[in-house]
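One-based numbering, in listed order, for ligands and for the atoms of each. Throughout, numbering of the chain's residues begins at 1 and tracks the sequence. What you see below is based on every heavy atom in this structure, not just the backbone, and it leaves out hydrogens, waters and symmetry mates.
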Amino acid sequence: MRQLIAGNWKMHGRLADAAGFAAAVKNAPAWADLLICPPATLIDRFAAALAGSPVSLGGQDCHALPQGAHTGDISAAMLAEAGASHVILGHSERRVDHGENNAIVRAKAEAAIAAGLIPIICVGETEAEREAGEAEHVVRSQLLHSLPPGFAGVVAYEPVWAIGSGRTPTEDDVAAMHTAIRAALVAQLGAAGGNVRILYGGSVKPGNAGALLALPEVGGALVGGASLSATDFLAIASAAPRG
Ligand code: PEP
């Protein structure tokens, strides 16, 4: 399966950034599927700028309900209408900043699927949990409680301590966690669990992408900071194994 290289712009990016980025990636040769998750305000502009391009668009969050009195929130259908095909859910910044727990993430995933979006569900341990030897247990529990039955989306393993820190787990630790996640997905979802892409996220850069993307059960990357540069994003994508 081709790998998926997804960029999470977080709360970065203005109109001019979107136009420049879209022009740079629109026709770029890529050996992986490319996905940009800009702020929701830019999805519509990106969609117009990327018309005819294989590059996909995603949101960074959605509400669990289709509509209602929820000031500041955005529904999955709104994201889809703007041009998104995917939505990141349960990112550690949402779990920490907005108190999102596994049950909320699961409800959001159900809403995303109902609106025709592919959810990318983020899981990952804190540094204290890793040091206590609990990393796999924590991640298995997040998977069990965040993924709806019959889940056919994407999982992103993002150790919280690796996000934006410039630090990554060892290659052995990434491989071990991805192998554990695959086993958990198959136990949870049956054979379909074998088809779920498992992305690695946390300080992926052009310099470490090749080694990380070549590890067993790594099906792509969720890239934060480095995805703000089209040059770096494309360099990461070109490091994906040719599938
Ligand atoms: C992220 O926020 O999903 C992420 C992986 O960030 P960074 O690449 O900057 O560590």
Donor-acceptor list for residues 50-59 side chains, cut-off 3.5 Å, not counting sequence neighbours:
from, atom 1, to, atom 2, distance (Å)
S53, OG, K26, O, 3.1
S53, OG, V55, N, 3.0

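- Qualifying side-chain hydrogen bond (donor to acceptor under 3.5 Å, both in side chains) partners for T231, counting only residues two or more places apart in sequence or in other chains: none.
- Closer than 4.0 angstrom to ligand 1 lie heavy atoms from N8, K10, H91, E158, A162, I163, G164, G201, G202, S203, L222, V223, G224, G225.
- Using a 3.5 Å distance cut-off with no hydrogens or angles, the side chains of Q60 and W9 do not pair a donor with an acceptor.
- Under the 4.5 angstrom side-chain criterion for Ile, Leu, Val, Met, Phe, Trp and Tyr, the cluster partners of I88 are L4, L35, I118, I120, V154, L199, L222.
- One finds no salt bridge joining R45 and D17 here, because no Lys/Arg side-chain nitrogen approaches an Asp/Glu carboxylate oxygen to under 4.0 Å.
- With 3.5 Å as the limit, one finds no donor-acceptor pair spanning the side chains of Q142 and Y157.
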